[in-house]
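Structure first, commentary second.
When a residue number appears, it is its place in the shown sequence, counting from 1.
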Amino acid sequence: MKVSILDDYFDTLRTLDCFAKLAGHDVTIWNDHVQDVDALAERLRDTEILVLIRERTKIRSALLERLPNLRLISQRSVYPHIDVDACTRLGVIVSSSQHAGTPSYAAAELTWGLVLAAMRQIPQQMEALKAGKWQIGVGHSLRHKTLGIYGYGRIGAVVAGYGKAFGMKVLVWAREATRARALADGWVVAPTKQAFFEECDVISLHMRLVDATRHIVTAGDLARMKPSALIVNTSRAPLIEPGALVGALRAGRPGMAAVDVYEEEPVRDTGHPLLTMPNVVCTPHLGYVTQEEYEVQFADIFDQITAYGAGQPINVVNPQVLESASRRG
């Protein structure tokens, strides 16, 4: 089958052990990022199986309508970037493993790296040292401070454990059912959302982006944070109200941010407000980008292709397509 893989920036996938699972298929890998529908339609016109790397490219109806040979989209985790209804209507199977019980330890590790980098001003101190300056300020320790975990899912639970290992008090805020799970796991839950933002020294966001969580962190929430506090977002940029983070940082509450995700990616504009602020540490969506994490993720993705080829699709998020009379043969 003709397989196309989008957005493999560093041509990494062919170096993975699990890439052998695609042996026998006609595989084309694209290393740049393109969102233009005309360009994508031309690139993918003969594609039967499309492999996506997380949410890097949006797959909407306008594109899907122009891909008559497409049979399967194979990816991993959530899929807000895919028009699943259009896929179902057009007979395209969407397979996406939700990897229950297996958090992205790579994302959790990067989150903690950003916490340390921001609190100790590591990037700023490095740049100053390269410029011939010896120390440019005093950072902050983590021990005895309060770590806020907003969204107690798989990654949030791991980051909470990191906070405990560093001697921090851990405070959780999330939806009611999730708060109950955090309590059952032995963590302290904030009495209110307001108290959560007021008390925490570090807040890390760990929520999926769905309608209920879009813009869930408001300018008012950020204004309650301490001037010495740090907010970390390795989850999704639209969890925060548009413009609220930049405005809050300029107002001094919170005093710092560490960001791995952005409204539009990839970010090419060096004048992006977050990139120009001295109290912000920015990374280019590296949360899951490790060799080891890729082996785990793409083993699942390629197994979905194998299962489809055997006539037994797995992890199908639109199962109605399997019986659809409009399914392309």
Side-chain angles (χ1 to χ4, degrees), residues 103 105 107-126 128 135-174 178-179 181-183 185-207 216-235 239-240 244-246 248-261 274 277-283 286-287:
Y105 290 102
E109 290 169 3
L110 181 80
T111 299
W112 203 251
L114 288 177
V115 171
L116 290 170
M119 294 294 279
R120 297 301 299 273
Q121 303 177 331
I122 293 174
Q124 298 93 325
Q125 296 281 4
M126 288 176 60
Q135 297 186 5
I136 58 169
V138 179
H140 298 276
S141 299
L142 293 173
R143 192 169 184 82
H144 302 311
K145 287 188 169 61
T146 300
L147 169 65
I149 302 294
Y150 196 173
Y152 186 74
R154 289 173 291 199
I155 296 174
V158 173
V159 175
Y162 295 165
K164 182 178 180 181
F166 273 74
M168 299 185 76
K169 173 185 174 183
V170 177
L171 194 62
V172 174
W173 186 252
T178 314
R179 297 200 301 270
R181 187 164 66 250
L183 283 170
D185 287 348
W187 300 109
V188 177
V189 171
T192 64
K193 183 183 180 184
Q194 175 180 334
F196 176 80
F197 277 91
E198 291 174 350
E199 184 174 341
C200 292
D201 298 294
V202 178
I203 290 177
S204 190
L205 307 183
H206 296 288
M207 288 171 282
I216 197 169
V217 177
T218 67
D221 294 328
L222 297 174
R224 297 184 187 281
M225 296 183 69
K226 302 173 185 177
S228 59
L230 164 69
I231 188 163
V232 182
N233 190 3
T234 58
S235 186
L239 295 174
I240 302 177
L245 180 58
V246 170
L249 291 165
R250 287 173 175 163
R253 289 178 178 266
M256 297 172 285
V259 176
D260 189 48
V261 289
L274 291 174
M277 304 180 83
N279 54 342
V280 182
V281 175
C282 294
T283 50
L286 299 175

- Task: Return the set of residues passing side-chain hydrogen bond (donor to acceptor under 3.5 Å, both in side chains) with N279 (not counting sequence neighbours), or none when no residue passes.
- Result: none
I'd like a table of donor-acceptor pairs (distance under 3.5 Å, sequence neighbours excluded) in which one partner is a side-chain atom from residues 139-150, with atom names and distances.
{"from": "K145", "atom 1": "NZ", "to": "S141", "atom 2": "O", "distance (Å)": "3.0"}

- Which heavy atom in A128 sits nearest to a heavy atom in I136, and how many Å separate them? CB-CG2, 3.2 Å
- Sequence neighbours excluded, the answer for side-chain hydrogen bond (donor to acceptor under 3.5 Å, both in side chains) partners of D260 is T283
- Message: I need the L249 CG to M256 CE distance, nearest 0.5 Å.
- Response: 10.0 Å
- Message: If the condition is side chain to side chain contact (heavy atoms under 4.5 Å, CB included), which residues does R179 pass it with, not counting sequence neighbours?
- Response: W173, A174, E176, V189
- Message: Test of understanding: with salt bridge (Lys or Arg N to Asp or Glu O under 4.0 Å), list the residues that count as partners of K193, not counting sequence neighbours.
- Response: D221
- Partners of Q125 by side-chain hydrogen bond (donor to acceptor under 3.5 Å, both in side chains), sequence neighbours excluded? Q121
- Message: The criterion is salt bridge (Lys or Arg N to Asp or Glu O under 4.0 Å); which residues satisfy it with E199, sequence neighbours excluded?
- Response: K169
- Locate the shortest heavy-atom distance separating C200 from L171; write the atom from each residue and the value. SG-CD2, 4.0 Å
- Query: Taking side chain as C-beta onward, heavy atoms only, is I240 less than 4.5 Å from L222?
  - Reply: yes
- Minimum heavy-atom separation for A117 to P123, with atom names? O-CD, 3.5 Å
- Query: Roughly how far, to the nearest 0.5 Å, is CG of N233 from OG1 of T111?
  - Reply: 9.0 Å
- Message: If you define the side chain from C-beta out and look only at heavy atoms, does anything of M277 sit under 4.5 Å from R250?
- Response: yes
- Item | Nearest atoms (heavy-atom pairs only) where V115 meets V202 | CG2-CG1, 4.2 Å
- Message: Within this structure, what is the CG-OH distance for the pair L183 and Y152, rounded to the nearest 0.5 Å?
- Response: 9.5 Å
- With sequence neighbours left out, the residues meeting side chain to side chain contact (heavy atoms under 4.5 Å, CB included) with A219 are E241, A244
- Hey, what do you get for CE (M225) to CZ (F196), rounding to the nearest 0.5 Å? 8.0 Å
- Applying side chain to side chain contact (heavy atoms under 4.5 Å, CB included), name anything that partners R120, two or more places apart in sequence or on another chain. I122
- Determine, stepwise, if the pair H206 / R154 fulfils side-chain contact (heavy atoms from CB on, under 4.5 Å). CA-CA 9 Å; H206 296 288; R154 289 173 291 199; over 6 Å; no
- Message: I'd like to check the side-chain hydrogen bond (donor to acceptor under 3.5 Å, both in side chains) partners of S235; sequence neighbours left out, ordered by chain and number.
- Response: none
- Item | Pairing residues for A258 by the side chain to side chain contact (heavy atoms under 4.5 Å, CB included) criterion, not counting sequence neighbours | L114, A118, L230, V232, V281
Atom pairs and distances, side-chain donor-acceptor, residues 159-167, under 3.5 Å, sequence neighbours left out:
none

